[in-house]
Amino acid sequence: MDSVLRQSKAMCPFMRNATAAGLRAMSTATPTAVSPCGGTMSKLQVLARRCPVMGKAMAIQTARIGQATGFGTVAAKASMSTLSGHVKTGKAKLHTSRSQEAQAVETPVFSGREKAQLPPRLPTKQHVSASPATATRSGAPDSHSAKFDYEGFYNRELEKKHKDKSYRYFNNINRLAKEFPRAHMASKEEKVTVWCANDYLGMGRNPYVLKAMHETLDEYGAGAGGTRNISGHNKHAVELEQTIAKLHAKEAALVFSSCYVANDATLATLGSKMPDCVILSDSLNHASMIQGIRHSGAKKIIFKHNDVQDLEGKLASLPLHVPKIIAFESVYSMCGSIGPIEEICDLAEKYGAITFLDEVHAVGMYGPHGAGVAEHLDYEAHAAGRPRGTIMDRIDIITGTLGKAYGCVGGYIAGSAKLVDTVRSLAPGFIFTTSLPPAVMAGARTAIEYQMEYQGDRRLQQLHTRAVKEALQERDIPVIPNPSHIIPILVGNAEIAKQASDKLLQDYGIYVQSINYPTVPVGQERLRITPTPGHTKKYRDELVNAIESIWTELGIKRTSEWAAEGGFIGVGAPDAAPDEPLWTDEQLGIAEAARMLLQAAEAEQQQQQQQQPPPKGSSPGPLTGGLTERLLEREMKGLQQSA
């Protein structure tokens, strides 16, 4: 403003006698007059209108932007803001993802018949003197004069959900720590068995976790008191992040309020800050990653699910110098498939990309220390304490949750120290969020450390998963094949899936939530079952018998019926090789016991055949029938003896 003042003094008598401070005071002073455009004017604008030069210029500007009903364009509003002395600087605001300030639109926001109807102006002297005809025209109702019907909008959107049967109903499920996996509904007397929780290992009621949380709660209180920058940074956060970094053999880690926030904030921050960044995303990625990519403003390329050939073709089309992020998951929670982590690492190194691996449904569940599938793929090396050069070591960014296998709440990222510090310094989703409560962080750290040392829960969970899958397959129930701990049962219809879920709950006291759009595509609706160490044979038999009855009652397609149609998303696929579990018998420590039990079963079967030969034309029953159940009995007996 000082430079403008110096240039103007030789031309304008008023400016020659004015000071910068005086002009600034007049431009920001309380408005004293009515503007021709319906607003108000500062003292400086009033004086400027008296000037033979500035007065004409302002009249021309007013004629350009003034309209009978108000300002017709965003640009007009910006011009009046400038005339009023409120000039915006070119500095980017804190939440913007680009370095430039958002620009005003130069064309009308509404055009033709769709011009916006602004609210009536407050009465002023100028408006009072307006002709009755003008007042009548401005207040006359027309097709665009009514206010927006917000409640009607809400109703229409909800009606769509009801119509396509994807409306979501929440069941009042109160899980009981002392009766896991049991819960009560609204009434404590109404007990149910929960078969769809993501507390995969039952750590939500683990006595060591509860003890740590109780002690921390008593000493440090309920909440963190603020963001990490304002009183929310404490020893609990430091120790938890150190434990997570150790778990994944990374330099650093950063804790968020959830892994949804961690994924969103990290991808949005990196994608917006890296120049010309391209993010390549698996077609079945979780909504948190999809949202983060949207928020980044970066170019997005979707590759077919787990298709490394398709991914390579898309990577090859991009210049080598362009920053690229490959975002994918290790365990896809709705189908149970496993991502091709090693192959994607190879492609990332070949084409100059970094890898972003979501291990949300794998941490705690796989690997000798529970670090996830990436650790599991080099099981022996990690068990021996040699993480360098492994697949997990090659991953640039690992994200995980504290709210599933670890039984608490929260999310995190792990990676290099510089990466973590960049996200810590730039991500609004981290900076402006209140820290997790100290008790939650203490409990999560205890859960991670417990599972890093103890394999028993993972082993038992895997055996229960095998037993449920085997029992359902024997009944011709259409389990979507996969090598993980997820048991998705295909229904293929949203309304029927909801009916099956309701019947399980109401008629059998079994809670299994139906999964529909947008979580899964239309036509792929399913029930999703997640066994835990607490789902013993008693609960398993109840579940399988109930599903068998409901499938018959509702006439839901079985595996053989899908097979007759050529198969669908892996169910009934012709000549499909069985998916071997990611956990091998050797890794579970049951290989020798399985061989012994199998030999005993063979000997027993031979003895029975000698005593009573089978009818002609019949084939001997499968030797593996009941093997998993016997392994479970052995496992449970060992746990009881060690207790």
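Below, all heavy atoms of this structure are taken into account, side chains as well, without hydrogens, waters or symmetry copies.
- For the residue pair T552 and R558, a side-chain donor N or O sits within less than 3.5 Å of a side-chain acceptor on the partner.
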For residues 504-518, which side-chain N or O atoms pair as donor and acceptor with protein atoms under 3.5 Å away, sequence neighbours left out?
unit_1 : atom_1 : unit_2 : atom_2 : d
Y511   : OH     : Q513   : OE1    : 2.9

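- Using a 4.5 Å cut-off on side-chain heavy atoms (C-beta onward), S333 and V360 make no contact.
- Between M392 and I395, every side-chain heavy-atom pair lies at or beyond the 4.5 Å cut-off.
- Put simply, the side chain of T401 gets close to the backbone of G410: a donor and an acceptor are under 3.5 Å apart.
- Here the shortest heavy-atom pairing between P533 and L460 reads O-CD2, 3.6 Å.
- E157 has a carboxylate O that lies under 4.0 Å from a charged side-chain N of K160, or vice versa, which qualifies the two as a salt bridge.
- A distance-only check finds no donor-acceptor pair linking the side chain of K314 to the backbone of F303 [under 3.5 Å].
- Using a distance-only test at 3.5 Å, with no hydrogens or angles considered, a donor-acceptor pair links the side chain of N206 to the main chain of V209.
- At distances below 3.5 Å, not a single donor-acceptor pair connects side-chain atoms of Q524 with backbone N or O atoms of P521.
- Between N482 and P488 the shortest side-chain heavy-atom distance falls below 4.5 Å.
- Ring geometry, Y379 versus H376: the interplanar angle exceeds 60°, so the pair is classed perpendicular (tilted spans 30 to 60°).
- The CE atom of M289 sits 9.5 Å away from atom CZ of F328, with the distance rounded to the nearest 0.5 Å.
- When side chains are defined from C-beta on, K404 does not count as touching M365, because their heavy atoms never get closer than 4.5 Å.
- Look at E525 and K165 and you find no salt bridge, because none of the NZ, NE, NH1 or NH2 atoms lies under 4.0 Å from a carboxylate O.
- Side chain of D378 to backbone of T390: no donor-acceptor contact under 3.5 angstrom is found.
- The two residues K469 and S484 come nearest to each other via the heavy atoms NZ-O, 2.9 Å.
- Remark: the backbone N or O of K557 is paired with a side-chain donor or acceptor of W551 at under 3.5 angstrom.
- Distance alone, capped at 3.5 Å, is enough to place a donor-acceptor pair between the T465 side chain and the Q461 backbone.
- Rounded to the nearest 0.5 Å, atoms CD1 (I391) and CD1 (I344) are 11.5 Å apart.
- The minimum heavy-atom distance linking V491 with W562 is given by the pair O-CZ2, 4.0 Å.
- Taking the six-membered ring for Trp and thresholds of 30 and 60 degrees, Y366 and H485 have ring planes inclined between 30 and 60 degrees apart.
- The two residues Y406 and G364 make their nearest non-hydrogen contact at OH-N, 3.4 Å.
- Here the side chains of V479 and I487 are in contact, with some heavy-atom distance below 4.5 Å.
- Shown here for G400 and C259, the closest heavy-atom pair between the two residues is O-SG, 3.2 Å.
- Looking at S283, its side chain does come within 3.5 Å of a backbone N or O of H305 through a donor-acceptor pair.
- Side chain of E375 to main chain of H382: no donor-acceptor pair is present (N/O by atom type, distance under 3.5 Å, no hydrogens or angles).
- Within a 6.0 Å radius of NZ in K161, more than 12 heavy atoms belonging to other residues, nucleotides or ligands are found.
- Side-chain atoms of Y539 and D541 include no donor-acceptor pair closer than 3.5 Å.
- I326 is not listed as a side-chain neighbour of F356, based on a closest heavy-atom distance of 4.5 Å or more.
- With a 6.0 Å cutoff to the six-membered ring centre and a 45° limit on the axis angle, K498 counts as a cation-pi contact of Y169.
- Distance check: E312 CD to L347 CG gives 5.0 Å after rounding to the nearest 0.5 Å.
- For CD of E453, the number of neighbouring non-hydrogen atoms (other residues, nucleotides, ligands) closer than 6.0 Å is 12 at most.
- Residue C196 holds its SG atom at 11.5 Å from CD1 of I486, rounded to the nearest 0.5 Å.
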Pair E592, R595 - check salt bridge (Lys or Arg N to Asp or Glu O under 4.0 Å), show working. CA-CA 5 Å; E592 183 60 31; R595 281 191 288 269; 3.0 Å; yes
Criterion side chain to side chain contact (heavy atoms under 4.5 Å, CB included) on R394 and D346, from CA distance to verdict | CA-CA 9 Å; R394 297 169 65 190; D346 293 339; 2.5 Å; yes
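- Atom CD1 in I341 sits 9.5 Å away from atom CG in N306 (nearest 0.5 Å).
- Once rounded to the nearest 0.5 Å, the distance linking NE2 of H464 with OG1 of T536 reads 6.5 Å.
- By the side chain to side chain donor-acceptor pair (under 3.5 Å) test, D396 is found to be paired with T355, residues two or more places apart in sequence or in another chain being considered.
- Put simply, the side chain of T266 does not reach to within 4.5 Å of the side chain of T399, judged on heavy atoms.
- One side chain, R168 or T519, offers a donor N or O that lies under 3.5 Å from an acceptor on the other.
- Looking only at side-chain heavy atoms (C-beta outward), L632 and R540 come within less than 4.5 Å of each other.
- In summary, the side chains of S288 and N263 do present a donor paired with an acceptor at a separation below 3.5 Å, with no hydrogens or angles considered.
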Given the rule in the side chain to side chain contact (heavy atoms under 4.5 Å, CB included) test, do R459 and W583 qualify, once you have shown the distances and angles that lead to the verdict? CA-CA 9 Å; R459 186 162 56 242; W583 277 94; over 6 Å; no
Check: What do the steps show when you test Y200 against D457 for side chain to side chain contact (heavy atoms under 4.5 Å, CB included), and what is the final call?
Finding: CA-CA 9 Å; Y200 297 131; D457 290 334; over 6 Å; no
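- E359 contributes a side-chain N or O that, together with a main-chain N or O of A374, makes up a donor-acceptor pair within less than 3.5 Å.
- Contact between A183 and I173 at its shortest, heavy atoms only, is CB-CG2, 3.8 Å.
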Under the criterion side chain to side chain contact (heavy atoms under 4.5 Å, CB included), I'd like the reasoning laid out for L318 against I301: C-alpha separation, chi angles, the key distance, then a yes or no. CA-CA 11 Å; L318 300 171; I301 298 178; 4.1 Å; yes
